[in-house]
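Contents: one structure, followed by commentary.
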Amino acid sequence: MGGSAGGFDALAAILLAFPPDFALPALVVQHLHPSDDASFARRLARTTRLPVVEPCDKERIERGRVYTAPANYHMLVERNETISLSVDQKVNWSRPSIDVLFESAARAWGGPVIAVILSGASADGAESMRAVKDAGGLTIAQEPASADSPLMPRAAIDTGAVDEALRPEEIGRRFLQLGSRNAECERA
Amino acid sequence: MGKPDIEDIEIDLLLEAIYWRYGYDFRSYARASIERRTRQFLSVAGCASVSEMIPRVLRDEEFFSKLARYFSISVTQMFRDPLVYRAVREKVIPLLRTWPHFKVWHAGCATGEEVYSLAIVLKEENLYQRATIYATDFNDEALEQAREGVYEMEKMKEATHNYQQAGGKASFSEYYHARCGAAAMDAALKERIVFSSHNLASDSAFGEMHLVLCRNVLIYFNAELQNRALGLFTESLVHGGFLCLGTKEGLRFPEVNDQYETVDGKARIYKKKDVP
Ligand SMILES: C[S@@+](CC[C@H](N)C(=O)[O-])C[C@H]1O[C@@H](n2cnc3c(N)ncnc32)[C@H](O)[C@@H]1O
């Protein structure tokens with residue numbers, strides 16, 4: 001899941017729907033101030049029953065956990081179910097960048113990826129919607145009218161590669177359906 | 001995953017070709033990042049597929065150098081992570097003081113900002129003249145920039161801010177002067193620094209180091225290569241010497257971990273244990 005301005009509330013509303021035994025891992029990129037010292041992860045932890053982790057490099061991805069990209073690092077998914085961090089140049093003026101996460105997840109996991117673009121005043125994440133969809137994944141954008149900053153979901157939808165536009169509560173419920181139908185499912 | 005991904009096979013072949021032709025081993029790099037860089041390089045190089053790159057890499061050395069530079073992410077900053085420099089001042093400097101002469105190794109120094117940052121700390125702690133500083137990278141172009149020590153003027157604002165956060169004792173502008181619109185680091189900071197080419201994937205250890213800094217380099221390696229590099233550092237360090245990693249990097253391998261105690265968890269500073 002990727003969010004920027006206004007993304008926190010949407011994210012919190014989605015995570016609220018997840019039960020403690022949620023069968024999927026969640027990876028989150030939220031655009032942060034470069035000096036954010038895990039405070040985003042701590043704030044998010046208060047909104048969900050799942051453990052929220054700001055991962056270290058090569059940390060193993062476990063089901064039922066929420067991983068948030070640290071400020072100033074891109075977060076990538078490796079095929080062997082670990083997380084790689086990188087300090088590559090910013091992408092879409094952002095590090096972490098949503099595109100970097102989604103693209104790597106599409107390559108590493110292919111079909112079983114659910115990519116969600118939330119509120120934000122940026123176009124980050126739009127480009128990788130296509131990659132996720134082509135790999136057989138499911139693409140969701142927050143319904144622009146429900147977003148504080150509709151620009152980012154709108155940019156994603158404009159690519160024509162978004163399957164569903166939903167409000168945050170609906171996204172939460174959608175995950176539950178998909179999660180119970182296919183516990184093998186991974187998501188970004 | 002069903003049928004193998006073609007691009008995946010192509011990337012394997014490309015990395016093999018580079019290894020056999022030039023000896024640079026990118027096969028043990030973190031895969032997701034290498035894939036990303038390769039795909040970006042495709043459009044830069046005007047190739048339609050990774051397969052098209054392979055003959056060019058094999059026959060055109062200049063083409064290879066460009067690609068290798070693309071794989072080397074030399075993004076860096078003066079006083080990146082100020083808390084690390086504060087921890088160095090508080091917890092490492094007092095022990096460095098006990099040695100009449102000491103050696104520092106910056107492994108993967110990129111364009112040198114980190115090297116000058118530490119040099120400034122050593123100056124301010126009156127320890128600079130006792131130090132020999134080795135700054136290495138496998139990217140010769142970055143190394144050349146490091147040697148020159150000339151940076152964009154716009155970067156000095158952030159550098160000054162970080163310097164202050166890092167506990168700087170003077171005014172940062174004392175350490176550089178304007179030259180043709182750029183910021184040239186003070187020559188006095190370079191006196192004790194030796195820049196040289198070194199590849200953590202294939203070269204051997206450096207002797208008798210008291211402090212090794214390798215920050216934001218290991219994240220580009222897979223576990224196996226990380227372990228190799230950490231082995232080099234352990235071999236290079238004297239007992240009681242310090243190892244400083246990036247803030248998201250750790251000593252995850254038991255065979256390495258057992259040889260160190262943690263000096264500062266957040267700043268990722270470790271101390272090689274004395275012989276039992
Ligand atoms: C992101 S920079 C880190 C710079 C600096 N240490 C910092 O933290 O700001 C990573 C550097 O590691 C270097 N590097 C990558 N692989 C290497 C290898 N096998 N041997 C030596 N240096 C390598 C790259 O050339 C690049 O300059």
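Quick note: numbers below take in every heavy atom, side chains included, and nothing from hydrogens, waters or symmetry partners. Please read all numbers here as calculations on a predicted model, not as lab measurements. Chain letters run A, B, ... following the sequence lines, proteins first and then strands; every chain starts at 1.
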Handout entry: Short side-chain donor-acceptor distance under 3.5 Å, A:Lys58 and A:Ser84
Key = yes

Practice task
Go through the atoms of A:Gln89 and report whether side chain, backbone, both or neither lie under 4.5 Å from a heavy atom of chain B.
Solution key: both

Practice task
Give me the ring orientation class for B:Phe79 and B:Tyr163: parallel if the planes are under 30° apart, tilted from 30 to 60°, perpendicular past 60°.
Solution key: perpendicular

Problem - Engaged part of B:Asp8 at the chain A interface, taking heavy atoms whose separation is under 4.5 Å - result: both

Exercise for the section: Let me know if A:Asp37 has heavy atoms under 4.5 Å from chain B in its side chain, its backbone, both or neither. Expected result: side chain

Problem - Atom group of B:Ser74 that falls short of 4.5 Å from chain A, counting heavy atoms - result: neither

Exercise for the section: Select one option (side chain, backbone, both, neither) describing which atoms of B:Arg268 are under 4.5 Å from chain A's heavy atoms. Expected result: side chain

Practice task
Apply the side-chain contact (heavy atoms from CB on, under 4.5 Å) test between A:Ile14 and each candidate in A:Leu118, A:Leu166, A:Thr48; give the one that qualifies.
Solution key: A:Leu118

Practice task
Heavy-atom distances under 4.5 Å only: say whether A:Val100 touches chain B with side chain, backbone, both or neither.
Solution key: both

Problem - Structural part of A:Ser86 lying under 4.5 Å from a heavy atom of chain B - result: both

Practice task
Could you point out which residue of A:Ser149, A:Pro150, A:Pro168 forms a side-chain contact (heavy atoms from CB on, under 4.5 Å) with A:Ser119?
Solution key: A:Ser149

Exercise for the section: Answer with yes or no whether the side chains of B:Tyr24 and B:Ser202 bring together a donor and an acceptor at under 3.5 Å. Expected result: no

Handout entry: When A:Glu54, A:His74, A:Glu59 are compared by non-hydrogen pairs under 4.5 Å with chain B, the top option
Key = A:Glu54

Handout entry: Side chain B:Tyr70, main chain B:Ser65, donor-acceptor under 3.5 Å
Key = no

Practice task
Could you look at A:Pro55 and say if it's the side chain, the backbone, both or neither that has a heavy atom under 4.5 Å from chain B?
Solution key: backbone

Handout entry: Side-chain donor or acceptor of A:Asp163 paired with backbone N/O of A:Thr139 under 3.5 Å
Key = yes

Practice task
Give, as side chain, backbone, both or neither, the part of B:Leu83 having an atom under 4.5 angstrom from any heavy atom of chain A.
Solution key: neither

Problem - Pairs of heavy atoms under 4.5 Å with chain A: top-ranked of B:Ile219, B:Asn222, B:Thr76, B:Ile73 - result: B:Ile219

Practice task
Give me the ring orientation class for B:Phe26 and B:Tyr29: parallel if the planes are under 30° apart, tilted from 30 to 60°, perpendicular past 60°.
Solution key: perpendicular

Handout entry: Pick from B:Glu249, B:Gln165, B:Glu7 with the largest number of heavy-atom pairs that fall under 4.5 Å of chain A
Key = B:Glu7

